[in-house]
Amino acid sequence: MSAATIDEILTQHRAGKLADAERMYLAFLAAEPDHAVALHLAGIVAYQTGRHALAAERIGRAVAVKPDFAEAHSNLGNALKELGRIAEAMDSYRRALAVKPDFPEASFNLGSVLHELGRLDEAVAAYGKALELRPDYVDALSNLGLALKEQDKPDEAAAMLRRAIGLRPNHAEALSNLGLILKDRGAMTEAIAVFRQAIAANPGHARAHANLGLALEEIGEIEAAVVAHQRALTLDPAFLEPLPNLVHLWRKLCHWDDFATNDAKLVDLVRRQTFRIPPFIILSTGATAADQLIGARQWAEGVKPPPGISLSHRPRRAGGRIHVGYLSVDLRNHPVALLAAELFERHDRDRFRVTAYSCGEDDGSALRRRLEGAFDRFVDLCPVDDATAARRIHDDEVDILVDLTGYTTGTRTAILAARPAPVQVNYLGFPGTMGADFIDYVIGDEIVTPADQQLNFAERLVRLPHSYQANDTKRPIAPSRPSRSECGLPEHGFVFCCFNNTFKITPMVFDVWMRLLDQVPGSVLWLLRANDGVADRLRSEAARRGVDPARLVFAPRRDLADHLARHDRADLFLDTLPYNAHTTASDSLWAGLPVLTCRGETFAGRVAASLLNAVGLPELITASLAEYEALALALARDPARLEALRRRLRTNRDAAPLFDSAAFTRDLETAYSRMWQAWCDGRPPEAFAV
């Protein structure tokens with residue numbers, strides 16, 4: 001037998017002298033190879049030093065020698081979990097509990113694995129069992145709080161997390177999870193304070209830094225959000241979840257160092273399906289439509305219906321008014337509402353009953369008041385949870401539920417996952433597939449969603465005859481047009497402009513713009529001001545390309561009427577790629593300013609082409625960036641040609657299909673009627689063109 005006893009070796013182990021302890025355990029085992037306790041402890045040393053396969057082998061031998069060794073079964077589960085052998089890990093935890101039912105750590109470990117697998121009801125039960133056995137089990141309280149949050153039970157979740165924090169005020173995990181609940185409730189100031197408490201308690205808590213970054217982004221503190229996400233990645237390079245958010249924020253800031261490398265990383269992560277990436281971020285990368293479907297499907301897999309809800313729909317006959325519900329977080333002063341307000345007003349009330357289900361704040365705007373009057377009923381779902389919201393829509397007997405948000409900020413997709421309506425539709429808010437089996441149709445047109453793209457959409461394609469995009473012909477243009485000097489523009493010289501969000505501007509497109517400025521003497525590029533940092537960065541990028549930074553002019557934000565009025569001082573709107581101008585393109589066309597676009601390969605990259613086709617200017621759609629650059633240069637050098645286009649746009653604007661709201665509404669209603677008829681006939685959703 002070894003000269004050292006197990007207790008003597010444990011003293012070294014507990015003192016953190018792992019190498020010495022392991023050497024002594026192995027010496028002990030050389031004399032007694034079937035000593036279960038020594039095998040178990042040697043396995044723990046291997047686990048603590050990251051050698052999980054060796055840990056599983058040693059602890060596995062321990063339980064083979066001593067099958068009623070509960071602690072060893074539990075620790076074997078831990079090693080197997082690290083190796084990705086999840087089913088075996090669960091089996092080990094259950095064996096531990098079979099041997100020792102009053103084993104809180106084993107219940108907690110089982111709950112953690114079930115939690116990772118998304119089996120939330122079982123995870124909650126396991127955490128609850130651990131807490132029955134040990135009411136002050138802080139880690140179980142923290143994880144239970146997170147699981148309850150994921151079950152859409154924020155009040156119960158917050159109570160558990162506050163209880164954990166009460167027991168251990170510096171419990172970083174509980175603080176970080178509580179911060180997420182506060183963030184989701186819109187209590188950003190409090191959430192940020194709690195995330196900072198978590199970081200103070202554990203500066204190395206990567207997820208707390210990442211969560212802080214998400215909250216800072218919500219309040220517009222983009223530079224600080226970047227720092228938080230960078231810190232998370234530095235602390236744990238294997239924790240990749242902050243990377244997509246960081247890359248997107250860099251794009252908002254026009255921080256283009258390693259642009260192509262970062263873009264390729266995100267596309268690679270989508271294809272490898274390493275973890276769920278917000279689908280909206282994927283839209284502005286070089287991802288193909290097939291890639292977007294992969295990313296959306298993976299995201300949709302994590303969207304579960306609220307627990308305890310089971311809704312069904314009784315057979316109905318076609319005939320009578322169709323009840324259409326519009327679900328949106330953006331029924332306020334927002335681009336989606338700016339486009340769709342007149343659509344809601346124009347619905348044929350003899351054939352349709354129309355209800356708004358609002359999940360977003362009342363911003364007190366005139367547009368919000370207009371929207372409240374545009375529907376037969378305007379239902380505020382903000383105060384209720386997803387389960388209550390889904391039941392409300394179901395009990396209202398909505399026939400077709402149209403989601404206007406998709407995977408954009410504030411979405412409550414879990415409502416749709418509960419299937420509150422028999423027919424569910426993706427429209428307007430998210431230019432791509434949602435990848436979900438609970439969405440039946442996506443509304444597009446022959447350009448943004450051509451029939452040959454059906455394989456890249458989980459929904460059935462419904463193609464409207466002109467453009468898919470609704471438009472409001474009541475949007476006002478201020479009667480007083482500002483002068484060029486009032487806009488900060490030169491009195492003479494060609495004005496290229498782009499009022500798109502900055503995340504849509506890529507180095508490749510900016511290269512084209514700078515070459516245009518270089519070839520058109522006296523010209524300027526007029527952009528929307530995001531913040532001083534972005535303006536400085538873009539001016540620096542211009543200088544790097546040999547262009548005088550003063551030739552970039554930045555427009556401050558204005559209300560819509562004044563913003564539309566100043567379009568008159570530009571000569572040509574230059575679109576972006578791979579994510580086009582959407583509302584900004586229709587604003588430009590409504591204001592009489594021609595838009596030049598390059599048609600991309602995805603929905604988000606074809607919207608401007610759809611709009612130009614529907615307004616009667618297809619010659620402004622190009623097929624490559626080289627063609628786009630050549631046409632922009634030709635138009636800048638041929639004022640008569642450009643003026644003819646501008647005159648045609650202004651002459652034909654009100655008669656063009658793009659701005660014929662009455663005809664557009666009838667086309668969309670025809671689509672709704674066909675969807676509803678198919679459901680009433682018991683037919684599955686099928687793609688069709690109106």
Side-chain angles (χ1 to χ4, degrees), residues 1-2 4-101 103-117 119 123 126-127 130 134 137 139-140 142-143 173 202 204-207 235-240 274-275:
M1 185 174 178
S2 170
T5 67
I6 289 294
D7 286 343
E8 288 170 340
I9 304 171
L10 266 174
T11 300
Q12 301 297 310
H13 192 162
R14 288 169 179 158
K17 298 178 181 179
L18 299 182
D20 290 343
E22 183 170 33
R23 190 162 46 249
M24 295 167 76
Y25 285 135
L26 294 178
F28 187 103
L29 286 165
E32 296 190 42
D34 291 332
H35 195 288
V37 172
L39 285 165
H40 177 227
L41 292 172
I44 289 176
V45 173
Y47 182 89
Q48 290 173 319
T49 52
R51 294 169 293 160
H52 300 121
L54 180 59
E57 187 269 326
R58 287 175 177 172
I59 302 173
R61 285 169 56 198
V63 297
V65 170
K66 185 175 171 56
D68 62 347
F69 196 166
E71 289 77 7
H73 280 294
S74 185
N75 285 325
L76 176 58
N78 293 341
L80 292 167
K81 177 184 173 186
E82 292 294 335
L83 293 169
R85 293 158 62 180
I86 303 301
E88 294 172 79
M90 282 197 295
D91 184 59
S92 289
Y93 296 139
R94 288 192 166 113
R95 286 177 186 271
L97 289 165
V99 172
K100 186 179 178 182
F103 189 178
E105 289 84 1
S107 282
F108 171 79
N109 290 337
L110 177 60
S112 297
V113 171
L114 291 164
H115 196 163
E116 281 188 25
L117 293 173
R119 292 161 62 173
Y127 292 143
R134 189 194 299 167
Y137 197 159
D139 288 343
S142 177
N143 281 21
E173 192 72 21
N202 179 5
H205 196 299
R207 191 172 290 277
L235 287 167
D236 185 358
F239 175 46
L240 293 176
T274 307
F275 61 91

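Throughout, numbering of the chain's residues begins at 1 and tracks the sequence.
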Novice: Just by modelled atom types, is the Ala42 backbone N or O under 3.5 Å from a matching donor or acceptor in the Arg58 side chain?
Specialist: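 Here the side-chain-to-backbone pair exists.
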Novice: Could you give the side-chain donor-acceptor pairs of residues 62-72 under 3.5 Å, partners two or more places apart or in another chain?
Specialist:
unit_1	atom_1	unit_2	atom_2	d
Lys66	NZ	Asp68	OD1	3.3
Glu71	OE2	Lys100	NZ	2.9

Novice: Check whether any side-chain heavy atom of Ile44 lies under 4.5 Å from a side-chain heavy atom of His13, and answer yes or no.
Specialist: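 Ile44 reaches His13 side chain to side chain.
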Novice: Show me the pairs that pass salt bridge (charged side-chain N to carboxylate O under 4.0 Å, His left out) and involve residues 36-57, at least two apart or across chains.
Specialist: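 Non-adjacent pairs meeting salt bridge (charged side-chain N to carboxylate O under 4.0 Å, His left out): Glu22-Arg51, Glu57-Arg61.
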Novice: Could you measure the distance from the CG atom of Leu29 to the CG atom of Leu41? Nearest 0.5 Å is fine.
Specialist: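 Result: 9.5 Å between the selected atoms.
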Novice: Any side-chain heavy atom of Asn75 sitting closer than 4.5 Å to one from Tyr47?
Specialist: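 Heavy-atom side-chain distance check fails, nothing below 4.5 Å.
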Novice: Can you confirm whether Leu39 sits close enough to Phe28 that some side-chain heavy atom of one is under 4.5 Å from a side-chain heavy atom of the other?
Specialist: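 When only atoms from C-beta onward are counted, Phe28 and Leu39 do not touch, as no gap falls below 4.5 Å.
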Novice: Could you name each residue pair satisfying salt bridge (charged side-chain N to carboxylate O under 4.0 Å, His left out) that touches residues 74-83, not counting sequence neighbours?
Specialist: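 Passing the test, one end in residues 74-83: Lys81-Glu116.
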Novice: Quick one: are the ring centres of Tyr93 and His73 less than 6.0 Å apart?
Specialist: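 No, too far apart.
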Novice: State plainly whether the residues Asp20 and Arg23 are in salt-bridge range, i.e. N to O under 4.0 Å.
Specialist: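 Yes.
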Novice: Flag the pair Glu105 and Arg134 as a salt bridge only when some basic side-chain nitrogen lies within less than 4.0 angstrom of an acidic carboxylate oxygen.
Specialist: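 Salt bridge between Glu105 and Arg134, a charged N being under 4.0 Å from a carboxylate O: yes.
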Novice: Do Asp7 and Thr11 have side chains that approach each other closer than 4.5 Å (heavy atoms only, starting at C-beta)?
Specialist: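 Asp7 does not reach Thr11 side chain to side chain.
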